[in-house]
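Below, chains carry the letters A, B, ... as their sequence lines are ordered, and counting in each starts from 1.
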Amino acid sequence: MEYNFREIEDKWQRYWRENKSYKSEIANDKKKYYVLDMFPYPSGVGLHVGHPLGYIASDIVSRYKKLRGFNVLHPMGYDAFGLPAEQYAIQTGQHPKITTEQNIARYREQLDRIGFCFDWSREIRTCEPEYYKWTQWVFIKLFNSWFNCETKKAESIDELIAVFSTKGFNCSEPQYLTGDIEKAVAPFSSDEWNAKSEMEKSDILLNFRLAYLSNAMVNWCPALGTVLANDEVKDGVSERGGFPVEKKIMKQWSLRITAYADRLLTDLDDLDWPDSVKEAQRNWIGKSEGTSIRFEGIVDDFNNESEYPLSINSGTSRNEKEFKDHRYSDPKSYSQLKSFAIQNKKNPTEAENALWEALRNKNTGFKFRRQYPISKYIPDLVCLDPKLVIEVDGEIHLSKDQKENDANKSVELNFYGFEILRFSNSQVLNDIDNVVLIITNKLNSLKNNSPSPLERGLGGEARTLGENKITNDRINQDSSEDVNYRHHTNMASPQPSPEERELNENYSKSNSKQFSIEVFTTRPDTIFGVSFVALAPEHELVNIITSAEYRSAVQEYVNASSKKSERERQTEVKKVSGQFTGAYVSHPFTGAKIPVWIGEYVLVGYGTGAVMAVPGHDQRDYLFAKHFNLPIQEVVRGGDLAHEAYVAKEGVLVNSDFLNGLDVKAAVKKAIGEIEKRGIGKGQVNYRLRDAAFGRQRYWGEPIPIFYEDGIPKTISESDLPLVLPEIDKFQPTESGEPPLARAEDWKYKGKFNYETTTMPGWAGSSWYFLRYMDSNNEKEFVSKEAVNYWQQVDFYLGGAEHATGHLLYVRFWTKFLFDLKLIPCKEPAKKLINQGMIQGVSAFVYRINGTNNFVSDGLKNQYETTALHVDISIAPNHILDTEKFKLWREDFKNAEFILEGDQYKCGAEVEKMSKSKYNVVNPDDIIEEYGADTLRLYEMFLGPLEQSKPWSTQGISGVHNFLRRAWRLFQIENGACKLSDETPSAAELKVLHKTIKKVEDDVERFSFNTTISAFMICLNELSDLKCNKRQILEPFTILLSPYAPHFAEELWSLLGYKESITKANFPIWKEEYLVENEFEYPISINGKVKFKINLSLQLSKEEVEKNVMSSEELGKFMQGTPKKIIVVPGRIVNIVV
RNA sequence: GCCCGGGUGGUGGAAUUGGUAGACACGCAGGACUUAAAAUCCUGUGGCCUUACAGCUGUACGGGUUCGACUCCCGUCCCGGGUACCA
């Protein structure tokens, strides 16, 4: 009977399904083993041959562990929230849920055909409320926790509140010792805390919560209409879709992963994960230990007060500069204008005042200024970004003269890029809501049409923040009218208000140049080599310290750098640019005058946004100094400063006062000591890791379980979970630019409070899913104590290397958090991790001669001007094009003509990622159709080491298919039974079997599946040579094979007479006694080169072996005389040195 | 640039601790069976030289350590992945 894979595979797949063969349950008397695959995002394309690679490997491990008596958990599910389904919904209107379900159905069908032993009763889908209820639940836990820096653990926020209300807060206490708290929250006493408003308390607590809302610099992707996490951005474009990404300040939900930076780093050491992943995470966390050092500004360089403040607006339009020039071009008229403005502001009309108040309170998301001079006009209200002037007119505007005047004004304001909206007094007073709506809509449409303005934050000032209602609410509170403008109002104002007086003080403070710059350095030892201090262009001090002389140059530089997109900045890396500010600081030890520069190479987001530049020992500082001709001082001996900086952390200090003669290590220590002693800085640790943006302006994700009461974010009650994604009619953002969820109008908590309208990012659901599988149908808990205590953590986790710094960092973070809350017993999600390699596709190309419909074969293409086009690999088997099929393939190729090579059209070939658009996708279904699932499984494993990437090719698939057919024949099947001998096997047969058992066991334990398949083939070859037909040999062989070719093995097992599934069998045990060799054919080498071989007993001692070799006949052929030395390695080799 | 992998026949790859390089498979060549083909089976297959025996050479390249190196060390080149002015 022939091997009929179709029949066999159908039969057993049905059997496994009907008997629930792979259902797993807690069994306290059995050891557990948890095998997890990274679950797939069900895309519309379906599975290609690359997907199953990892699943096959993990399936083999699962089945093997089952045979070894382990209670195996091997679940599967779907990461079902995501952008593609939503993009499809936007284009077609089809609900993402439907798309997702269809895709899942197809995935399931394909997965089932490969014969996996997944326990489908535990299936999860991250997009289902039963699942995301618990994702939301974890979010609430994060919101209600803070990170205690002393215990290094997450703790309840209620405990913190209790401390605040009894002891107050002081940032120098050890539990708060983290970089940012100090700057964000001022110390307060318990009385002060208790006196604070609810809003103030909420604001303060947000600085502690692990899930928090803050103004953050985010990666904004306009094309996707959403923010992205750092790991979702590659080279300045979105990872999905490749759309440009820009930096933007936004009110944004974030998770405080940085609190866990140190634990995420140190716990890596104990993980059995690939070095590359661990290394990538180390770099991503980017810990650097160093020192902060304060440089005091030099006051004696005081220049006259600069006439105009530096505008903090970074312009983007071509009118901007003209606007500025014009605005200030005539000081005389300017001061006149100014005094008008001040008077107007002091005496606003009733309507002006009403509109001003309404705009401030209505969360428009835009910032307005009152009585702001532009050119020679003072409009009532101005929004600078986007540019809009709002005029509230009294009746006087109805006169003819005034109409003309208004027209002129419009022309001029338009020139400066402003649009104008006019309202009458009565309109404003009677229908204020409508007026505000008109203004908001106008601003939104202006904003969406204009090239996206770059909104770099400067000195913490927040402007024109996004579409989020809450955001604006909160921003309007801390953003006031134009600060710079008010400096001037003060000059003309006879009696400044208290508010104005305060601003005035700030202003004069900045002009007296009492400032200090704090830098962060990992090389405090090189402090005597400092030749300048460099600030990031966005550094808050830039505005304050720049001297009048350099003001315009600095302004220009700051503007130029703020205009650059993230991408431009990245591509310009290594180009030296910078600008002197005119300011100086003094060296903390020598008192030397050190110039302060600004340079793009200094990043505002890292450290303090300022560096002490030591050109002798930092390559970037070196290039900067060379370019601007600044001094380069050697302070560590060892390099050649004529050519490059000496950056190595070894050598002896020179030119360094009290550090002279020390080596770098000692000098670092001493310098830190001295710095701390003088109170000018302290040891500090910085991380590159940023907090993770957690809100997406998207529909197809978990709703964030937050509502707003009086603008204060609060979590919904746990008993109200899940917060179900509301149905909406369209999936686009709203007309005013809010996230799609804002379309759900009746969607309110307790019928009155607005919900948060952003949703969670794609990685939320995958950050804890390994726990849910342990108890996926539990309605009461995210996972029961019993389940999690039994299954603990993943023993073997398999997935793509692309998740190294995204998913794998987030899942570790959530695991540690849940561990801190004592909800789970393990602090890491997975003990062992392996990355499977990618299977690439081999694309085929045809070459169209430009401007014609003629196609030239690969070898002749250089004779023409051609364009390469992807062609579907199914119509070009072995890269020979089927020209008739090609003509039918696409309408425009109907009349194609071909220039052949010989009588064939040869296609070009290239290895690329497997993708639908490249027409190089190989579908596993086709392989299964032709060869069967077992052949596919064996072949994918036989292709090479699991971790290695390789192009798909079916060359060689016949090898493994043949193996199965030959193995089948060995079992001598006739009339539905194996005709095997019950005789006792020979020693040779036993040796073959036990050698194979040992090899298969060793290999699977080290995840080397390709060599296991070879071992099977060798075993089969040897058994065939021995003409073995012994049941005692072939039964264990079947068990060995069953994890790899399960259908095949099940069928043979039943033909051997067993009624139970082979999965219930025991893995055979190899016995040393069958493997012992008596003789070994020693290779005899002379000077390391093997010359001949001698058969000798393995029982012989070294000396006896040597004697045997030396007396052998053959030796004479290769050497004469006495050898210098003889090395005998028993059981290995003999080497003779002559 | 830096960090982590990797480079072995015509091809995929093997060599687990420094001990016979090229297992296993594909492909190719020759043969058996067959009227023929398919299927199956057998033999050969790194390169050079040779009728053969043998010999020489050979794991990206150059050097080193060692009785012995694909394996360890130093330098160079190339490929893949990560990261990107992180002070």
*For A:Val1134 and A:Asp621, take the nucleotide of RNA chain B holding the closest heavy atom to each; which residue's nucleotide lies nearer the 5' end?*
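With A:Val1134 and A:Asp621 compared, the 5'-side residue is A:Val1134.
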
*Relative to the 5' end of RNA chain B, which residue comes earlier, A:Phe520 or A:Pro1083, by the nucleotide with the nearest heavy atom?*
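Here A:Pro1083 is the residue nearer the 5' end.
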
[X] [atom1] - [N] [atom2] separation (whole Å):
X: A:His539; N: B:A87; atom1: NE2; atom2: C1'; value: 13 Å
X: A:Phe1092; N: B:C53; atom1: CZ; atom2: P; value: 20 Å
X: A:Glu279; N: B:G82; atom1: CD; atom2: P; value: 15 Å
X: A:Ile1018; N: B:A23; atom1: CD1; atom2: C1'; value: 6 Å
X: A:Asp1002; N: B:A23; atom1: CG; atom2: P; value: 21 Å
X: A:Gln948; N: B:G5; atom1: CD; atom2: P; value: 15 Å
X: A:Phe1007; N: B:U16; atom1: CZ; atom2: C1'; value: 15 Å
X: A:Arg688; N: B:C3; atom1: CZ; atom2: C1'; value: 12 Å

*Do you see a donor-acceptor pair shorter than 3.5 Å between the side chains of A:Asn1095 and A:Tyr1082?*
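Checked: A:Asn1095/A:Tyr1082 side chains show no N/O donor-acceptor pair below 3.5 Å.
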
*Could you verify whether a donor N or O on one side chain and an acceptor N or O on the other, from A:Tyr646 and A:Glu634, lie under 3.5 Å apart?*
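No.
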
*asked:* When the P atoms of B:G58 and B:U71 are compared, how many Å lie between them, rounded to an integer?
replied: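 Nearest-Å result for B:U71 against B:G58 at atom P: 13 Å.
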
*Whole-Å P distance, B:G75 and B:G1*: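 Going atom to atom, P in each nucleotide, I get 15 Å.
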
*May I ask you to establish whether A:Lys998 and A:Trp1070 are in a cation-pi arrangement, using a distance under 6.0 Å from NZ or CZ to the six-membered ring centre and at most 45° from the ring axis?*
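Judged by the rule (NZ or CZ under 6.0 Å from the ring centre, within 45° of its axis), A:Lys998 counts as positioned above A:Trp1070.
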
Short side-chain N/O contact to [N] OP1/OP2 from [X], under 4.0 Å:
X: A:Asn1010; N: B:A14; result: yes
X: A:Asn1135; N: B:U20; result: no
X: A:Asn1021; N: B:A25; result: yes
X: A:Ser288; N: B:A87; result: yes

*So A:Arg688 and A:Trp284, side-chain contact (heavy atoms from CB on, under 4.5 Å) or not? Walk me through it.*
CA-CA 7 Å; A:Arg688 201 192 77 108; A:Trp284 191 261; 2.9 Å; yes

*Can you check whether A:Tyr939 and A:Tyr931 have ring centres sitting under 6.0 Å from each other?*
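For A:Tyr939 and A:Tyr931, the ring centres are not under 6.0 Å apart.
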
*Give a yes or no on whether a donor-acceptor pair under 3.5 Å exists between the nucleobase atoms of B:U16, that is its base, and the side chain of A:Lys999.*
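Between B:U16 and A:Lys999, which were checked side chain against base, a qualifying N/O pair under 3.5 Å is present.
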
_Can you tell me whether the base of B:G10 sits syn or anti, using the 90° cut around 0 to define syn?_
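The base of B:G10 is oriented anti (glycosidic angle more than 90° from 0).
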
